Amino acid sequence: MAGGQPVTTDSKGESSIRVRVIPFLAAVVLAGCNRHVVVSPPQQATIYYCKAGTDELVRVPFSADPKLTRAALATVAVNQLLAGPSVGADTFALFPRGTSASVDVRGNTAIVDLKGPIERSFQSGGSDEAGMFKSLTYTLTGLPGIDRVQVLLAGRSVASLPGGQFELDEPLTRAMFAQ
Amino acid sequence: MKHAARVGMLVALLAATAGVVQAQQINVAAVPERTQIYLAGRLIGFDHLVDVNGSPFVAAGDGGLQTFLSLVGAQLQYQPGTRFVVCTRADGKLVTFTVGSNAVTVDDASQGIGSAPFIQGDRLYIPLLALSQALGLSVRTFPSAYAFAPELVSVTRRVGQRRTIVEVQATAPLSWHAAYGGDRKKPSLVLTFPGFSNSAGSRVSLGGREARAATIAQQGPPGYPISSIAIDALQGVKFAVHRTSSVAMDLVLARDDKDLALQTAVAPASSVRVGPTTSLIAQPSMTPAPSPASIPPSALVPTAVPAPEVTESNASPSASLSPLPFGSGASPNASPPPLAKILQVGETDAAGVSRIALTVSAPVTFEWHRLADPDNRFWVDISQAELVGPSQSLTVKLPTIRGVTVSQNELTPNHVVRVSIDPTQPIDVNIGAIAGSPNVLGIDIRSSTPAPDAPASGVGSLAGAIAPTPTPIAYSTYVPTDPRLIVIDPGHGGNDPGAINEAAGLTEKNLTLTISKRLKTDLQRAGWHVALTRDGDYEVGDPGGNDKQELQARCDIANAGGARLFISVHINASVSGDPNGVTTYFWRDDARAFAGAVQNALAAGTGLRSDGVIRNNFYVIHHTMMPGVLVEAAYLSNSHDAQLLAQQWFLDRVADDIAQGVATFTGGPPPR
Ligand SMILES: [Zn+2]
């Protein structure tokens, strides 16, 4: 398992990158409940990273403790997204350093509460910002039963990040990123 | 189903007859990088587009071709290994291409084409221009682009005893905006068809009883035609607009409300009878179309159209609404369509306009009614719909509106969701799909002076909700009140610095202002009026206001000014030092071609990498009503780009290039 997961890009004709991920360990640690023992079969999820400077998604398969609830699985997946893959993190981890997230699931909507320096000001530009929310939306709506993602900032609904441009006051869906 | 069978037979026939066709000598080259294909203002990307003697050919399985065809309601059938391609048009006609053959057939008629389809490798290539022509699209050729558009092909009159019907036929699924005007003495209707070119003539006589004539015109920038049909009716005439198929609609002009309804061939419940008896009662345009020859000619002119009792007596007025355009397979005996869910109810305000936005899970039909002054209440009933969640009371900004409620109407046996607007004085209301959001029904309320005796009721449908493509043809209802005005928004400002490159001593808010001021001069020199959302280092919204107020304040300047275009200027930045180049963002389809023009000019002018034209929901291009773009010119976080951004000539270059993009898109300001 720890031998690495192949990473494929969504774009045509690009060669695959090999990235090492240790999904079980990450899942257990980030969920904050290391009493749980991994049993098979694990839950499967996909983390969608966005490549900096593009709107191109990179899929990384991911396995998690089967006992995790939907909300816990969603939280684990989002934190894995924030952390970036273990290789190539420079171009795949778009969320500003220090960003953390907790996720609640209500009905078909995942509610993501973001915290960190991002609460005060967002310093990157439009491509990182759009990439962040595209990858977040794809990752969460790839989980069973989740179709929409509502982003909160420190518990509050906002129109955008401070200094940001991307609209956040309505739930995000994959369709919104359709070109 | 009938079409599928026809296609299947044709495919089998062609398979049997397609012998070995000698490949001709063909010079195939990649289409020049810069050649762009637009359809109804939308830039279509192709994976397999090649140039053959100066003409574009596209592979049968190309994803871009699929998008292209689905936008005009067409479908392509091709089995790899065979030597022919069959395409079903939106109107059901079959277009057939055969490898090596210099002819295309449309149903049974054959016409010559310049170059024949060919096979190279394992792909079959079709001539794009001939295909488009066979699909009934217009084409405009530019030095490095082809712009295709569906057409209004006919506007014809049918006369009834107490009404006039104007039939409109197009070559792609119709979407339109209806604007009612005038007063009781001189009522008028203007239908606008964004993305459609006009080949239906310029004037159709309407006989002089309900109206004298319909005027048909085409406007819009090159590459994004907008056609319109205008009718000035005579005293007391009311209008109704009905969709009769995906590519056809009927405009009904009558003085009595009950003559405005279009009877459906499919009556509700069990009273359906299909046959000669009903075919005289039913509007012929509503009978299934595939075999028009089987309808007796007399049935095409429904001279006597007293509304038949069967529909008039029905409890639900919505039963007389035209069915949705894609009721494919809906037989008369089919169970009623599943309820559309109203998933979300939203409210937004712009200068002088409040918009109620209803997100729906499926296509809906609706009817609206207004009461006369001084009551002035206005309501919209959405049929076969279910409101998810409790009733909602909305407060809108317009001072003339006491309130708006959205509720399940429990008084009707059918499922009706009612939106009630309670104004203190007459209002002007527009209802339609929101541009860029085909599954959102927008109800725009204006406090502007109303037409005193505008029609008291009408019907419509929102068809896009389950459209097979993510973004259908652009739908824009905006008409600039100041078509010479362009609003430029220098990104950030005041306590929001935007991105910062400390090492280079550069701050985004200063760069965007420098570029914007130069852009203003450029555009003024070209004859435009220009307004900046800020001309110094300050916040545009109230000091201490939140982000929404700040961004909305920028939108309000453009909306209140009735601007033609909106341009938000930004400098990009990333957590990674690698990304570089220029990107232009748009949100609604009405800005796609504009974004393409700006991006092309920027990439060519600055020599920086083009990171593409990307659709994204940035606040200021969502909440401005005119075509808007957000430009991210170079990366402050990239050392090469930052070196350029430190130099005045480069900032001038960026401004000049954006101005060039405006010129390309608009062809210049309107004449004085
Ligand atoms: Zn910015």
Side-chain angles (χ1 to χ4, degrees), chain A residues 11-13 50-56 84 88-99 107-109 120-134 137 147-148 150 153 156-179, chain B residues 45 47 67 343-344 346 357 359 436-439 469-471 491-492 495-500 508-509 546-552 568 570-581 583 585 587 592 609 611-623 630-632 635-638:
Chain A
S11 72
K12 305 145 285 269
C50 188
K51 196 174 169 193
T54 74
D55 71 333
E56 203 173 278
D90 181 38
T91 48
F92 294 117
L94 300 184
F95 284 87
R97 217 173 283 270
T99 306
N108 66 347
T109 305
R120 291 180 294 282
S121 81
F122 177 70
Q123 296 284 344
S124 283
S127 61
D128 276 11
E129 198 182 6
M132 280 158 52
F133 294 113
K134 183 176 184 179
T137 302
D147 299 324
R148 316 189 312 160
Q150 177 68 60
L153 195 59
R156 295 200 346 261
S157 170
V158 291
S160 73
L161 297 175
Q165 306 300 317
F166 194 89
E167 183 162 1
L168 295 174
D169 52 6
E170 284 175 14
L172 308 176
T173 63
R174 287 194 180 191
M176 295 171 74
F177 296 94
Q179 292 301 305
Chain B
D47 298 326
T67 306
L343 300 168
Q344 218 181 348
T359 307
S437 307
N439 58 341
T469 46
T471 42
H492 312 279
N495 63 16
D496 169 18
I500 297 171
E508 183 183 356
K509 67 175 179 180
N546 62 27
D547 295 293
K548 187 184 180 83
Q549 287 161 347
E550 174 65 20
L551 295 171
Q552 186 61 46
S568 190
H570 287 257
I571 307 297
N572 220 333
S574 174
V575 290
S576 163
D578 294 342
N580 61 84
T583 313
Y585 293 95
W587 174 240
R592 195 184 280 270
R609 188 169 79 183
D611 295 320
V613 172
I614 300 179
R615 180 171 175 266
N616 248 324
N617 188 7
F618 289 129
Y619 192 97
V620 293
I621 48 175
H622 181 168
H623 292 273
L630 187 148
V631 176
E632 293 275 11
Y635 279 76
L636 264 177
S637 49
N638 176 269

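The structure displayed is predicted, hence computed values, not measured ones. Each chain gets a letter, A, B and so on, in the order its sequence line appears, and its residues count up from 1.
Summarising the geometry, atom CD belonging to A/E167 is positioned 11.5 Å from atom CG belonging to B/N616; distances are rounded to the nearest 0.5 Å. Atom OG of B/S637 sits about 11.5 Å away from atom CD of A/Q123, to the nearest 0.5 Å. A distance of 8.0 Å separates OG of B/S576 from CG of A/D128, quoted to the nearest 0.5 Å. Rounded to the nearest 0.5 angstrom, B/Y619 OH and A/L168 CG are separated by 11.5 Å. Expressed to the nearest 0.5 Å, how far CG of B/N617 lies from OG of A/S160 amounts to 11.0 Å.
Both the backbone and the side chain of A/S127 come within contact range of chain B, judged by heavy atoms closer than 4.5 Å. Only the side chain of B/D611 comes within less than 4.5 Å of a heavy atom in chain A; its backbone stays farther off. Contact of A/R148 with chain B is made through the side chain alone, with heavy-atom distances under 4.5 Å. With a 4.5 Å cut-off on non-hydrogen atoms, B/I621 does not touch chain A at all. Looking at A/L161, the atoms closer than 4.5 Å to chain B (heavy atoms on both sides) all sit in the backbone: N, CA, C or O. For a residue to count as touching a neighbouring chain, one of its non-hydrogen atoms must lie under 4.5 Å from one of that chain's; by this rule B/L551 touches chain A with the side chain only.
In terms of the side-chain contact (heavy atoms from CB on, under 4.5 Å) criterion, A/E170 has no residue partners (sequence neighbours excluded).
Here the shortest heavy-atom pairing between B/F618 and A/A130 reads CZ-CB, 4.2 Å.
Without hydrogens or angle criteria, B/N572 side chain to A/G126 main chain gives a donor-acceptor distance under 3.5 Å. Between the B/R615 side chain and the A/A178 main chain, a donor and an acceptor come within less than 3.5 Å of each other. In this structure, B/D547 contributes its side chain and A/G164 its backbone to no donor-acceptor pair below 3.5 Å.
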- Message: One pair to check against side-chain contact (heavy atoms from CB on, under 4.5 Å): B/I614 and A/Q179. What are the steps and the verdict?
- Response: CA-CA 7 Å; B/I614 300 179; A/Q179 292 301 305; 3.9 Å; yes
- Task: I would like to know whether A/F166 and B/H622 meet side-chain contact (heavy atoms from CB on, under 4.5 Å); could you show each step before the answer?
- Result: CA-CA 10 Å; A/F166 194 89; B/H622 181 168; over 6 Å; no
- Task: Would you check, one step at a time, whether the test side-chain contact (heavy atoms from CB on, under 4.5 Å) holds for A/Q165 with B/Y585?
- Result: CA-CA 11 Å; A/Q165 306 300 317; B/Y585 293 95; over 6 Å; no
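The candidate from B/Q549, B/H492, B/R609 with the greatest count of non-hydrogen atom pairs under 4.5 Å with chain A is B/H492. By number of non-hydrogen pairs under 4.5 angstrom with chain A, the leading residue of B/K509, B/K548, B/Q552 is B/K548.
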